[in-house]
**Student:** 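Here you go, one structure.
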Amino acid sequence: MHSFMMRLARVMAMIGGAVLTLLIFLTCISIVGRLLNGVFHGDTMEALAPQFSAWMGARVGPVNGDFELVEAGVAFAIFCFIPLCQITAGHAAVDVFANSFSARVNRVLRMITEIVFALVLVLIAWRLGAGTVSKFENGETSFLLEFPVWWAYGLSLVAAIVAAIVGVYMAVIRSVEAITGQIRIWDGVEVQS
């Protein structure tokens with residue numbers, strides 16, 4: 001089961017990374033287009049080559065709706081990264097006091113943390129599902145590109161559901177560890193008894 005969850009988390013992280021890479025390229029192209037558009041519409045270019053300036057100025061510019069795509073893509077990518085972060089204990093942790101506790105207390109603390117995290121992930125997925133249905137029913141579209149907003153919500157919902165599943169799985173694993181006293185998944189954070 002753990003190897004399946006790990007593969008699922010890694011695949012989601014790779015998808016999120018691919019989306020972020022595409023968004024970086026999109027942003028760079030848009031910035032270069034905006035810069036070149038300013039150059040071609042500048043006083044110097046219009047004075048030196050007015051026809052070329054008008055021709056290029058009409059063809060070069062920022063990517064239309066780039067911020068809408070970045071907004072939707074980043075939300076999706078964030079949800080894609082949560083499962084891997086959850087299963088590898090990659091979230092930020094402050095262990096100032098926890099290091100002084102016994103292994104048993106630390107296992108109980110990890111169990112509580114994982115349960116709370118799983119509950120939050122389930123809550124987020126549930127509310128994102130409600131938001132997706134709402135956006136679908138009211139037919140809301142983005143301002144510039146006019147794509148249905150529920151598409152972005154729906155993609156994020158799929159990633160949020162995977163994050164919730166991995167979160168619940170880790171909560172179960174950490175609960176079993178706290179009850180039995182045996183570590184099932186070593187991730188480098190545990191304190192041996």
Side-chain angles (χ1 to χ4, degrees), residues 5-95 117 120-167:
M5 289 293 183
M6 184 62 88
R7 277 194 309 274
L8 180 62
R10 284 187 176 143
V11 166
M12 291 303 294
M14 285 187 245
I15 292 170
V19 168
L20 278 184
T21 301
L22 291 174
L23 292 176
I24 289 169
F25 285 128
L26 172 72
T27 302
C28 290
I29 290 168
S30 189
I31 290 169
V32 168
R34 188 173 283 117
L35 177 70
L36 289 175
N37 187 278
V39 168
F40 291 128
H41 281 102
D43 293 336
T44 305
M45 187 59 88
E46 287 182 354
L48 291 174
Q51 290 178 336
F52 179 73
S53 174
W55 183 76
M56 282 301 286
R59 286 164 178 72
V60 175
V63 175
N64 187 34
D66 58 345
F67 63 91
E68 292 175 350
L69 295 172
V70 169
E71 180 181 31
V74 167
F76 171 71
I78 287 169
F79 283 113
C80 284
F81 293 131
I82 291 174
L84 186 61
C85 199
Q86 187 69 16
I87 204 165
T88 60
H91 296 293
V94 180
D95 296 332
F117 214 128
V120 168
L121 290 171
V122 168
L123 176 66
I124 289 171
W126 170 48
R127 297 313 306 156
L128 193 55
T132 302
V133 170
S134 172
K135 297 297 181 187
F136 177 77
E137 287 175 350
N138 71 23
E140 185 178 338
T141 60
S142 66
F143 182 69
L144 293 174
L145 296 177
E146 297 182 357
F147 68 84
V149 175
W150 74 266
W151 291 355
Y153 273 70
L155 286 174
S156 293
L157 176 60
V158 170
I161 289 171
V162 171
I165 290 168
V166 172

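Residues take their numbers from the sequence shown, with the count starting at 1.
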**Student:** After noting the C-alpha distance and the side-chain angles of Met6 and Thr88, does the key distance pass the side-chain contact (heavy atoms from CB on, under 4.5 Å) rule?
**Tutor:** CA-CA 9 Å; Met6 184 62 88; Thr88 60; 4.0 Å; yes
**Student:** For Ser30, which residues count as a side-chain hydrogen bond (donor to acceptor under 3.5 Å, both in side chains) partner, sequence neighbours excluded?
**Tutor:**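 Residues passing side-chain hydrogen bond (donor to acceptor under 3.5 Å, both in side chains) with Ser30: Asp66.
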**Student:** Quick check: are there more than 12 heavy atoms from other residues, nucleotides or ligands sitting under 6.0 Å from CZ of Arg34?
**Tutor:** yes
**Student:** Report the distance from atom CG of Leu36 to atom CD1 of Ile29, rounding to the nearest 0.5 Å.
**Tutor:** 12.0 Å
**Student:** Of all heavy-atom pairs between Ile15 and Cys80, which one has the smallest distance, and what is that distance?
**Tutor:**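 Minimum heavy-atom contact is CG2-SG, 4.4 Å.
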**Student:** Taking all heavy atoms of Leu84 and all of Ala13, pick out the closest pair and write down the distance.
**Tutor:** CD2-CB, 3.8 Å
**Student:** If every non-hydrogen atom of Leu23 is compared with every non-hydrogen atom of Val70, which pair is closest and at what distance?
**Tutor:**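 Answer, listing the atom of Leu23 first, then Val70: CD2-CA, 3.9 Å.
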**Student:** Keeping the roles fixed (side chain from Thr21, backbone from Gly17), state whether a donor-acceptor pair exists under 3.5 Å.
**Tutor:** yes
**Student:** First locate atom CG of Asp43, then atom CG of Leu48, and finally report the distance between them rounded to the nearest 0.5 Å.
**Tutor:**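 The CG atom of Asp43 sits 10.5 Å away from the CG atom of Leu48.
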**Student:** CD of Glu68 to CG of Leu145: how many Å apart, nearest 0.5 Å?
**Tutor:** 4.5 Å
**Student:** Using 0.5 Å steps for rounding, measure from the OG atom of Ser134 to the CZ atom of Arg127.
**Tutor:**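 Separation between the atoms: 9.5 Å.
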**Student:** Among residues at least two apart in sequence or on other chains, which ones pass side-chain contact (heavy atoms from CB on, under 4.5 Å) with Ile161?
**Tutor:**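 Scan of Ile161 (side-chain contact (heavy atoms from CB on, under 4.5 Å), adjacent residues dropped) gives Ala125, Leu157, Ile165.
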**Student:** Could you please spell out the steps behind the side-chain contact (heavy atoms from CB on, under 4.5 Å) verdict for Leu22 and Leu26?
**Tutor:** CA-CA 6 Å; Leu22 291 174; Leu26 172 72; over 6 Å; no
**Student:** Give me each pair satisfying ring pair (Phe, Tyr, Trp, His ring centres under 6.0 Å) with a member in residues 123-144, each pair once, sequence neighbours excluded.
**Tutor:** Phe136-Trp150
**Student:** Working to the nearest 0.5 Å, report the span between OG of Ser142 and CG of Leu69.
**Tutor:** 8.0 Å
**Student:** Stepwise, does the side-chain contact (heavy atoms from CB on, under 4.5 Å) test hold for Leu155 with Trp151?
**Tutor:** CA-CA 6 Å; Leu155 286 174; Trp151 291 355; 5.7 Å; no
**Student:** Answer yes or no: does atom CG of Asn138 have more than 12 heavy-atom neighbours from other residues, nucleotides or ligands under 6.0 Å?
**Tutor:** yes
**Student:** Does anything in residues 130-154 pair up under salt bridge (charged side-chain N to carboxylate O under 4.0 Å, His left out), and if so which pairs, sequence neighbours excluded?
**Tutor:**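 Listed once each, the pairs are Lys135-Glu140.
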**Student:** Glu71: which residues meet the side-chain hydrogen bond (donor to acceptor under 3.5 Å, both in side chains) condition with it, sequence neighbours left out?
**Tutor:** none
**Student:** Are Ser156 and Leu128 packed together at the side-chain level, in the sense that at least one heavy-atom pair is separated by less than 4.5 angstrom?
**Tutor:**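 The answer is yes; the side chains approach within 4.5 Å.
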**Student:** Nearest 0.5 Å please: distance from the CZ atom of Phe40 over to the CG atom of Leu35.
**Tutor:**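 Spacing of CZ (Phe40) from CG (Leu35) equals 9.5 Å.
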**Student:** By the ring pair (Phe, Tyr, Trp, His ring centres under 6.0 Å) test, which pairs, at least two apart or in different chains, include something from residues 61-82?
**Tutor:**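 Those involving residues 61-82 do not exist here.
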